[in-house]
Amino acid sequence: MNIGSKRLVVGAHYGLRDWLLQRVTAAVLAAYTLLVVALSVASEPGYDGWARLFAPTWMKALTLIAVASLAYHAWIGVRDIWMDYVKPTGLRLTLQVLTVLWLLACVAWAVQVLWRV
Amino acid sequence: MSTVLDRTRKRPEFRNIHVTQIVRYRLPPAGIVSILHRVSGALLFLLLPFLIWLFELSLSSELSFARLQAVVSHGLVKLVLLVVLWGFLHHLVAGIRYLALDLHIGFDKGAATKSALAVLVVSLALTLLAGLRLFGVI
């Protein structure tokens, strides 16, 4: 579909970046899950062992990457759900904006929790 | 011969599936995995604040950690956690299948059907294990 005389808004490359990033973030999340499961099994049970796991800066950095990946992954997935089922443009846009705000709030909260350890 | 024709004629036809037709519409295993991937993803998205809250309780202090243990020992919370665990496990296992399909591994119809069934079996088995652990059976 063309908007104006030149601008092509739908084409072969449209959405490729999101498609690829959804898969990249998925791989990141799967790897992070494995890492946390392995590390928590290896650490001593209880609060001390669990908190020590998230104390080092490298673990905070990895967790931040995982949280950011989760947010972007969820954004693409939920956006696809709205695009499939919600046709009125105004309602769809509203839901998409709320989705972004929801995810940003979750990221901010997770970061705050993480850096208090 | 007429019975064959009748049966052919009576085959239900679906064009644009309406919500009321979902129950009668028989999805192949890959279709079931697909819609559950979406449902579990939406579920995890909606329960994200709940999960971050649990994460906060687990990390903030020894006191909040004890509170987490108290919260999680509640039967209703355990049930919600079991649903979340299913959602996570299904999304993870089905997601691994999708990554393989993207790489054209197990791409033909027979293999894809088998892997779809495997996803259902593995994710439900893992959920069962997690549930037994959660409810203190093992």
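Side chains included, hydrogens not; waters and symmetry mates left out as well; all remaining heavy atoms used. Proteins get letters first, then strands, A, B, ... in listed order; numbering begins at 1 in each. These numbers were taken from a predicted model, which means no experiment stands behind them.
Inter-residue side-chain proximity for A:Trp19 and B:Asp102 is flagged as met; some heavy-atom pair is nearer than 4.5 Å.
Residue contact with chain A, scored on non-hydrogen atoms closer than 4.5 Å, involves the side chain of B:His91 exclusively. If you measure heavy-atom distances from B:Phe88 to chain A, the contacts under 4.5 Å come from the side chain alone. Of the two parts of A:Leu103, only the side chain, counted from C-beta on, holds a non-hydrogen atom closer than 4.5 Å to a non-hydrogen atom of chain B. Using a 4.5 Å cut-off between heavy atoms, B:Leu92 contacts chain A through its side chain alone, with no backbone atom that close. Proximity to chain B involves both the backbone and the side chain of A:Arg23, based on heavy atoms less than 4.5 angstrom apart. Residue contact with chain B, scored on non-hydrogen atoms closer than 4.5 Å, involves the backbone and the side chain of A:Thr99 alike.
Of the listed residues A:Gly77, A:Ala74, A:Gly46, the one with more heavy-atom pairs under 4.5 angstrom with chain B than any other is A:Gly46. Among A:Leu53, A:Val67, A:Ile81, A:Val117, the residue making the largest number of heavy-atom pairs under 4.5 Å with chain B is A:Ile81. Counting heavy-atom pairs under 4.5 Å between each of B:Ala66, B:Ser60, B:Gly41 and chain A puts B:Ser60 at the top.
Clustering ILVMFWY residues whenever any of their side-chain heavy atoms sit less than 4.5 angstrom apart, transitively, puts A:Leu104 in the very cluster that holds A:Trp75. Two different hydrophobic clusters hold B:Leu132 and B:Val121 under the rule that ILVMFWY side chains link at heavy-atom gaps under 4.5 Å. Note: the hydrophobic cluster containing B:Phe50 also contains A:Val107 (ILVMFWY, side chain heavy atoms under 4.5 Å, direct or indirect links). Linking ILVMFWY side-chain heavy atoms closer than 4.5 Å, directly or via other members, places B:Val39 and B:Val119 in a single hydrophobic cluster. Note on A:Val37: it does not cluster hydrophobically with A:Met59, by side-chain heavy-atom contacts below 4.5 Å among ILVMFWY residues.
Looking at A:Tyr47, its side chain never comes within 3.5 Å of a backbone N or O of B:Ser58 through a donor-acceptor pair.
Other residues, nucleotides and ligands contribute more than 12 heavy atoms inside 6.0 Å of the CG atom of A:Leu101. Around the CZ atom of A:Arg116, the shell of radius 6.0 Å holds more than 12 heavy atoms that belong to other residues, nucleotides or ligands. The local environment of NZ in B:Lys109 is sparse, with at most 12 non-hydrogen atoms from other residues, nucleotides or ligands closer than 6.0 Å.
Using cut-offs of 30° and 60° for the angle between ring planes, the A:Trp102 and B:Phe45 rings count as tilted.
Distance check: B:Leu48 CG to A:Leu70 CG gives 5.5 Å after rounding to the nearest 0.5 Å. Here the straight-line distance linking atom CD of A:Gln112 with atom CD of B:Glu56 works out to 6.5 Å at 0.5 Å rounding. Between B:Phe55 atom CZ and A:Thr63 atom OG1 the span is 6.0 Å, to the nearest 0.5 Å.
Contact check on B:Arg38 versus A:Asp84 returns a salt bridge, with a Lys/Arg side-chain nitrogen under 4.0 Å from an Asp/Glu carboxylate oxygen.
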